[in-house]
Asks: 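Would you mind keeping the following structure in view while I ask a few things?
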Amino acid sequence: MNKNDHLFLVDGSGYIFRAFHALPPLTRKSDGLPVGAVAGFCNMLWKLLADARDTSVGVTPTHLAVIFDYSSKTFRKELYPEYKANRSEPPEDLIPQFGLIREATKAFDLPCIELEGFEADDLIATYARLAEEAGADTTIISSDKDLMQLVTPHVSMYDSMKDRQIGRDEVIEKWGVPPEKMIDLQSLTGDSTDNVPGVPGIGPKTAAQLLEEYGDLDTLLARAGEIKQNKRRENIIAFADQARLSRELVTLKIDTPVEDDLDSFKLEPQNGPKLIAFLKAMEFTTLTRRVAEATGAEASDVDPATVEVAWGAAARGPDLDEGDAATPETATANDSDSGQWTPAALARARAEEAASARIDHSAYHCLRDMEALDAFIAAARETGVVAFDTETTSLDPMQAELVGFSLAYQPQDGKAAASGPIQAAYTPLIHKAGADDLLGGGLVENQIPVDEALARLKTLLEDPSVLKIAQNMKYDWLIMKRHGVEIESFDDTMLISYAIDAGVGGQGMDALSERWLGHKPIAYKEVAGSGRSAVTFDFVDIEKATTYAAEDADVTLRLWQALKPRLAADGLVSVYERLERPMVATLANMEMRGVSVDRQILSRLSGDFAQGAAALEDEIQTLAGEKFNVGSPRQLGEILFGKMGLPGGTKTRSGQWSTTAQKLEELAAEGLELPGKIVEWRQLTKLKSTYTDALPGFINPETDRVHTSYALASTTTGRLSSSEPNLQNIPVRTAEGRKIRTAFVSQPGYKLVSADYSQIELRVLAHVADIEALKKAFADGLDIHAMTASEMFGVPVKDMPPEIRRRAKAINFGIIYGISAFGLANQLSIPRSEASEYIKTYFERFPGIRDYMESTKAFAREHGYVETIFGRRAHYPEIKSSNPQVRSFNERAAINAPIQGSAADIIRRAMIRIDAALDEADLTGSMLLQVHDELIFEAPDDEVDATIRVATDIMENAAMPAVAMKVPLKVDARAASNWDEAH
DNA sequence: TAGAAAACGTA
DNA sequence: GTACGTTTTCTAG
């Protein structure tokens, strides 16, 4: 090795832990072998090696080795038996991956280095020293702070997951001390994850400050008496020896007796087939193809069976000192590539292109005059597809001001299939200079006047022959609608992704970009700041704004290119086109209408609740015998189960006393006064803080109404969610709570109409599981819970004791939730054994339900997802988890999803049709709110009856014609001047 | 000041 | 036992 060489040292052990937690869980499709960290590792190595092949990149490795920990028995353990003693067993899903990562390293033909008695960090330190002596540079692929002490002008670090170089400046920025003082800093702070003691009460900030003042650890310890702060001085004096011990523990050994010569790390050309065999065995299809292309090997010629990838003993790395080996299992080939131009092949190819394309920030345009904007729009229009994104002053589309907008398109070469680089541009409209105060805030020059730009935008956005692409179109749709523009003909990348991947991960742009493009977009807070220093987008510097906004449009277009073909490949086109995309306008209209809320009613209730809570608080403190924060479950638990020594206390997951309402009710049932008062107090304060106090703040000053925001792509099952404010959890169960509903009112001359599905989920269950008894009961209009009770307990429906019916009802709900004895027992406050008996009896009487539940689980295990009756998918990637808790949870969720999701699809179908149906019937009322199985309308007094008829009709027939329900859907509707009475 | 945990409101 | 969002408290930084 010599001067111009560059050694890369990959911290293999550090990487695997970090990747395991940071990357989405991934399992090998054919057998559920967890391989997420291995996949991340292979991608990372391939990227490093790609840079090595590409000489245009600045830093390229000539030598590379991957370093691992051998075992936890190291010389540090001798020095200090407590070292790393607090480490728990690695997660089960990680265990097979230790061995696989070593296999992967070998498949890459890279040296796989480990040494008994030493940690990877010591080997890295030693090799970095050897390289430096040879005059070569070293890059350590790790972000571990323990390695930062090694940074010198010739040794730097690289965080591969954040794509960030870590040099001297970065160390100083992060820790406040230069690399050569990291050892001293760590000696003071210690390290809780490794159980390095340090000095109590000294954190990184204090340590850096002390080292700044005294220079180094020895000086500091020697002159500790001079420290002014009492506690700090005492600690440093008392724990000086502990600091010295810590120093020994954190100092990396640069003279480890390494066995391999640096020259043996020299990079050789890639052995394509060997690597491909491994990657195919792992079922990393994207990377397999990439490697095949780069090495000129033919992937289909390589037989993965030539590598033995086992996840039994052979795959277990020496990272583990003990633990039982899993069943050995040899990997099988699973190559579905046919090479034909099928929708699936197209989707794969597009995803490939998207993942490999580079995003070039320097190519973005900023359109500052009409000529430039016109030219850009004209060119975009040519292609027929344009990505669009608005930049505004607020996340609330009903309050936001339009600050600018970005567009992106990809020029097509008319003759060939080839296409040019994506063109992306930002048009600033009302950016301001300086601070937002009396002096600053003047409009920046050379921005197109808003109305002129809007006029041009309108023709583009309303042109049905140009497809507009947005990420979360509902937001931009609302912004534009408020400016008199109704976007027509659009796709939404968030909704496409949701149709394909609900349950897989987030559907936000950043998540999608990382998932599909392997690119991390500029964070909003990077341009607009965060917390105190945050500014609205109109105060962002135009140059920065351009890069950020144009990138968003650019990324959106790329996502569309990658995702749209997947819809066809996965058979999800109609889910997207019938259940997702039409909801954009439907919901946007509802949000824009808002609902009227009576301030006076809320304010009066607020006062009542405050009075009630204050009185209760006094009683509570008297009963408790001391003043305490009643709102603190921690303090309350201590009083009830500590001071008062009440029996029956249980602890929460984090070890605190549980004080849930259920627990308190139990105590109240024993005749205690205090717990009941707490429950009452909590109810009143909850109602006050969450509803009566908060709701008035959501009244829009311009419209004088409350505009909630519905999230279309946030649930796994297909339900909507509502926020800011959440109008899907307005109280209804208690009399006190219902008072809040009286504040939701119709405008004068109008009524609120509430129409809700009766038992829709049980009806869906009867349909999907095809249960004769249930179908008949619904067809005959029976009381379904009484019927269930009668079947189970042999009691006639007539004169059914309420308690028996209550239990049957709980069981019916339990079935929908993927019943467990534990849950049912909890719900009914009965022993688990009794709950088990109930479930057994239920399944004996309704064996079809058990069959349905079993087949749903089997389907989920096989495919990784379940489907609603309309084909919507909900993914459960952890359904095969080796952790029984996680697995069971996923099984229950998978059982629930087709039921909850089908019901959600049904009401979506109704919502999509209802506006047109009202129009058709010449009705002027409109839909305002959705609460999962209920729709709320506002209709003129004289149209109430007709509105109820239309809504009921549409809702009851919403499944048709796609699905003919085997049970009738029933809707109850009524009208009143407030929501409480209408419901 | 940001995030986790606990609690609780809805279907 | 399913699916959510918001509030308060408390801790860590």
Side-chain angles (χ1 to χ4, degrees), chain A residues 189 192 203-206 502-503 525 530-534 628-637 651-664 678-679 681-691 693-695 698 708-711 714-734 736-738 740-741 756-757 759-761 765 810-828 832 835 839 853 874 876 888-901 903-904 907 929-934 983:
Chain A
T189 61
S192 58
K205 290 283 179 282
T206 314
K525 61 177 184 207
S530 66
R532 261 188 169 287
S533 56
F628 72 106
N629 185 345
V630 187
S632 165
R634 198 159 156 260
Q635 293 178 32
L636 174 65
K651 298 278 183 83
T652 64
R653 190 152 21 110
S654 63
Q656 296 196 5
W657 291 113
S658 169
T659 68
T660 59
Q662 192 178 9
K663 197 91 221 162
L664 297 175
I678 304 275
V679 172
W681 181 89
R682 280 188 182 167
Q683 193 198 87
L684 291 181
T685 51
K686 174 85 175 179
L687 293 175
K688 182 172 184 294
S689 67
T690 311
Y691 302 104
D693 286 352
L695 278 172
F698 286 103
T708 183
S709 174
Y710 288 106
S714 75
T715 72
T716 305
T717 56
R719 273 193 177 179
L720 306 178
S721 73
S722 154
S723 64
E724 290 183 308
N726 181 355
L727 295 186
Q728 291 182 321
N729 73 344
I730 302 301
V732 72
R733 290 178 205 192
T734 63
E736 290 293 286
R738 267 200 303 278
I740 288 159
R741 291 202 169 209
D756 67 289
Y757 283 106
Q759 311 280 16
I760 188 168
E761 294 193 346
L765 175 68
I811 291 166
N812 277 334
F813 274 100
I815 295 295
I816 289 169
Y817 298 155
I819 202 151
S820 78
F822 179 86
L824 184 63
N826 226 24
Q827 174 68 29
L828 289 175
R832 203 187 306 190
I839 295 170
M853 294 172 89
Y876 293 95
S888 304
F889 177 78
N890 277 270
E891 286 175 353
R892 290 192 298 271
I895 287 168
N896 172 256
I899 303 169
Q900 189 187 112
I907 197 165
L929 302 174
Q930 189 251 41
V931 192
H932 307 309
D933 65 358
E934 175 188 14
H983 183 73

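These numbers come from a predicted model, not from an experiment.
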Asks: To the nearest Å, give me how far apart CZ (A/Arg653) and P (B/dA6) are.
Replies: 7 Å

Asks: Looking only at the side chain of A/Asn726 (C-beta and beyond, no hydrogens), which of the listed nucleotides C/dT7, B/dA7, C/dG5 gets closest?
Replies: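 Closest nucleotide to the A/Asn726 side chain: C/dG5.
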
Asks: Rounding to an integer number of Å, can you tell me how far A/Leu720 CG sits from C/dT2 C1'?
Replies: 16 Å

Asks: Checking all strands, does A/Ala904 fall into the base, sugar-phosphate, or nothing category for heavy-atom contacts under 4.0 angstrom?
Replies: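 Nothing: the residue A/Ala904, judged by heavy atoms under 4.0 Å, touches no strand.
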
Asks: Have a look at A/Ser820 and say if it touches a base, only the backbone sugar-phosphate, or nothing, with a 4.0 Å heavy-atom cut-off.
Replies: base

Asks: Side chains of A/Tyr817 and A/Leu824, heavy atoms from C-beta outward: is any pair under 4.5 Å?
Replies: no

Asks: Less than 4.0 angstrom between a side-chain N/O of A/Thr708 and OP1 or OP2 of C/dG5, yes or no?
Replies: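 So the side chain of A/Thr708 is outside the cut-off, no N or O lying under 4.0 Å from OP1 or OP2 of C/dG5.
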
Asks: Once you apply a heavy-atom cut-off of 4.0 Å, does A/Ser888 come out as touching a base, just sugar-phosphate, or nothing?
Replies: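 Nothing: the residue A/Ser888, judged by heavy atoms under 4.0 Å, touches no strand.
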
Asks: Are there more than 12 heavy atoms of other residues, nucleotides or ligands under 6.0 Å from atom NZ of A/Lys525?
Replies: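 It does not: A/Lys525 NZ has 12 such atoms or fewer within range.
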
Asks: Under 4.0 Å between any heavy atoms, over every strand shown, what does A/Gly818 touch: base, sugar-phosphate, or nothing? Just pick one.
Replies: nothing

Asks: Classify A/Thr685 by what it touches in the nucleic acid, base, sugar-phosphate, or nothing, heavy-atom distance under 4.0 Å.
Replies: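 Nothing, no nucleic acid heavy atom in range.
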
Asks: A/Leu824 near the nucleic acid: base, sugar-phosphate alone, or nothing, with a heavy-atom cut-off under 4.0 Å?
Replies: base

Asks: How would you label the contact of A/Arg719 with the nucleic acid (heavy atoms, under 4.0 Å): base, sugar-phosphate, or nothing?
Replies: base

Asks: Need one value for A/Arg682: base, sugar-phosphate or nothing, where a base atom within 4.0 Å counts as base even if backbone is also close, heavy atoms only.
Replies: sugar-phosphate

Asks: Using a cut-off of 4.0 Å on non-hydrogen atoms, how would the nucleic acid contact of A/Phe813 be classed: base, sugar-phosphate, or nothing?
Replies: nothing

Asks: Select base, sugar-phosphate, or nothing to describe what A/Ile895 touches, counting heavy atoms under 4.0 Å on all strands.
Replies: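 Nothing, no heavy atom under 4.0 Å.
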
